[in-house]
Amino acid sequence: MAPEIINGQAYQPNVVDLFALGVILFVMRSCGIPFKQAKTIDRHYRKLIEHDSDGFWRDHEQGKAAGYYSLEFKDLVTSLLRYQPAQRVSMADVIGHPWVASVDCATTEEINAEFAQRKHQVDNYYREEEESKQ
């Protein structure tokens, strides 16, 4: 939850959504949360408040391969998680950010193949469930 919501301040929904996007991107890449709460008492978020993004990322890179988080990824997420809403990047900045531009997108064929495989797995699961009931 964005710090302005936690602090009971007035907020702009689109700016809060950008904060949430930063958290979501972090979780998707890390399979973990960037911090427990966007408050000064949270040791990870405090580093972002104090403009110590290097310390924030150093903490999160422990146990991960070198380069696990690209410089572009770190820059984007850090920009989205800024404490001051006015300092967060805009959606236009996100769309034009080098990390977003550098991400390869799946082709239609790759997406169709992935979903066909998933459907096959789900169908097999339900077929096995039905067979086990008989």
Side-chain angles (χ1 to χ4, degrees):
M1 190 177 307
E4 55 269 34
I5 293 175
I6 291 172
N7 295 331
Q9 300 168 334
Y11 63 89
Q12 295 177 318
N14 59 325
V15 178
V16 169
D17 289 347
L18 290 166
F19 184 91
L21 176 61
V23 173
I24 291 166
L25 289 173
F26 185 93
V27 169
M28 289 175 68
R29 179 70 181 112
S30 306
C31 297
I33 58 174
F35 42 79
K36 291 182 181 174
Q37 281 193 334
K39 290 181 156 186
T40 56
I41 60 171
D42 185 288
R43 74 181 188 95
H44 292 300
Y45 197 69
R46 185 173 49 247
K47 289 182 180 179
L48 293 175
I49 293 171
E50 296 171 351
H51 305 288
D52 181 16
S53 60
D54 290 339
F56 172 85
W57 289 106
R58 192 170 35 255
D59 286 353
H60 288 292
E61 288 173 326
Q62 290 180 3
K64 295 194 176 10
Y68 183 81
Y69 300 109
S70 70
L71 292 175
E72 293 85 3
F73 178 81
K74 292 192 282 190
D75 178 68
L76 177 59
V77 171
T78 301
S79 298
L80 289 165
L81 296 179
R82 297 261 186 242
Y83 184 74
Q84 295 297 329
Q87 294 177 349
R88 293 182 201 139
V89 295
S90 68
M91 183 52 78
D93 294 330
V94 171
I95 292 168
H97 192 277
W99 184 78
V100 174
S102 70
V103 176
D104 292 331
C105 294
T107 65
T108 302
E109 293 78 22
E110 291 169 328
I111 293 169
N112 288 339
E114 176 68 23
F115 278 96
Q117 179 185 2
R118 291 180 186 196
K119 182 181 183 315
H120 179 74
Q121 290 172 336
V122 169
D123 290 346
N124 283 342
Y125 171 81
Y126 284 114
R127 188 179 64 253
E128 290 171 6
E129 283 290 312
E130 259 320 291
E131 290 172 0
S132 70
K133 290 178 183 177
Q134 295 175 356

Problem set entry | Main-chain N/O of Tyr68 paired to Arg29 side chain as donor or acceptor, under 3.5 Å | yes
Problem set entry | Nearest-0.5 Å distance, NZ of residue Lys64 to OG of residue Ser30 | 5.5 Å
For this session: Quick one: pull up CD in Gln117 and CG in Asn112 and give me the separation to the nearest 0.5 Å.
Result: 13.0 Å
Problem set entry | Non-hydrogen side-chain atoms of Val15 and Tyr11 separated by less than 4.5 Å | no
Exercise. Can you hop from Tyr125 to Phe115 via hydrophobic side chains spaced under 4.5 Å?
Worked result: no
For this session: Under the side-chain contact (heavy atoms from CB on, under 4.5 Å) rule, what do Val122 and Tyr126 come out as? Steps first, then yes or no, please.
Result: CA-CA 6 Å; Val122 169; Tyr126 284 114; 3.5 Å; yes
Exercise. Taking all atoms of both residues into account, what is the closest heavy-atom pair of Ile5 and Val16, and its distance?
Worked result: CD1-CG1, 3.4 Å
Seminar exercise, completed: Here the pair of heavy atoms bringing Thr78 nearest to Trp57 is OG1-NE1, 2.8 Å
Exercise. Roughly how far, to the nearest 0.5 Å, is the CG atom of Asn124 from the CD atom of Glu131?
Worked result: 9.0 Å
Problem set entry | side-chain contact (heavy atoms from CB on, under 4.5 Å) evaluation trace for Glu109 with Glu114 | CA-CA 9 Å; Glu109 293 78 22; Glu114 176 68 23; over 6 Å; no
Problem set entry | Residues Arg127 and Asp123 bridged, charged N to O under 4.0 Å | no
Problem set entry | N/O donor-acceptor pair under 3.5 Å between Asp42 side chain and Lys36 backbone | yes
Exercise. How far apart are the C-alpha atoms of Gln37 and Met1, what are their side-chain angles, what is the distance that settles it, and do they pass the side-chain contact (heavy atoms from CB on, under 4.5 Å) test?
Worked result: CA-CA 7 Å; Gln37 281 193 334; Met1 190 177 307; over 6 Å; no
For this session: Look at the side chain of Glu110 and the backbone N and O of Thr107, then say whether any donor-acceptor pair between them is shorter than 3.5 Å.
Result: yes
For this session: Flag the pair His44 / Asp59 as yes when at least one side-chain heavy-atom distance between them is below 4.5 Å, and no otherwise.
Result: yes
Problem set entry | Pair Arg82 + Glu4: basic N to acidic O under 4.0 Å | no
For this session: May I ask whether Val23 and Ile49 are part of the same hydrophobic cluster, defined by side-chain heavy atoms of I, L, V, M, F, W, Y residues being less than 4.5 angstrom apart, directly or through others?
Result: yes
For this session: Determine the minimum heavy-atom distance between Pro3 and Tyr45, stating which atoms define it.
Result: CG-OH, 3.7 Å
For this session: Quick one: pull up NZ in Lys39 and CG in Asn7 and give me the separation to the nearest 0.5 Å.
Result: 7.5 Å
Exercise. Same cluster for Phe73 and Val100 if Ile/Leu/Val/Met/Phe/Trp/Tyr side chains link at under 4.5 Å?
Worked result: yes
Exercise. Between Tyr69 and Trp99, does the ring centre distance come in under 6.0 Å?
Worked result: no
Exercise. Taking all non-hydrogen atoms of both residues, which atom of Leu80 and which atom of Leu18 are closest, and how far apart?
Worked result: CD2-O, 3.4 Å
For this session: State whether Lys133 and Glu129 are salt-bridged, where the test is any N-O pair (Lys NZ or Arg NE/NH1/NH2 against Asp/Glu carboxylate O) under 4.0 Å.
Result: no
Seminar exercise, completed: Smallest heavy-atom separation, Val77 atom then Leu25 atom, equals CG2-CB, 4.2 Å
Exercise. Should Ile33 and Leu81 be regarded as members of a common hydrophobic cluster, given that ILVMFWY residues are connected when their side-chain heavy atoms come within less than 4.5 Å of each other, either directly or indirectly?
Worked result: yes
Exercise. Do Leu71 and Leu48 share a hydrophobic cluster, counting only Ile, Leu, Val, Met, Phe, Trp and Tyr and linking them when any side-chain heavy atoms are less than 4.5 Å apart?
Worked result: no
Exercise. Are Asp75 and Pro98 close enough that some pair of their side-chain heavy atoms sits under 4.5 Å apart?
Worked result: no
For this session: Given side-chain contact (heavy atoms from CB on, under 4.5 Å), test His60 with Phe26 step by step and report yes or no.
Result: CA-CA 10 Å; His60 288 292; Phe26 185 93; 3.5 Å; yes
Problem set entry | Nearest atoms (heavy-atom pairs only) where His97 meets Glu72 | CE1-O, 3.1 Å
Problem set entry | Spacing of Glu130 atom CD and Ser132 atom OG [to the nearest 0.5 Å] | 8.0 Å
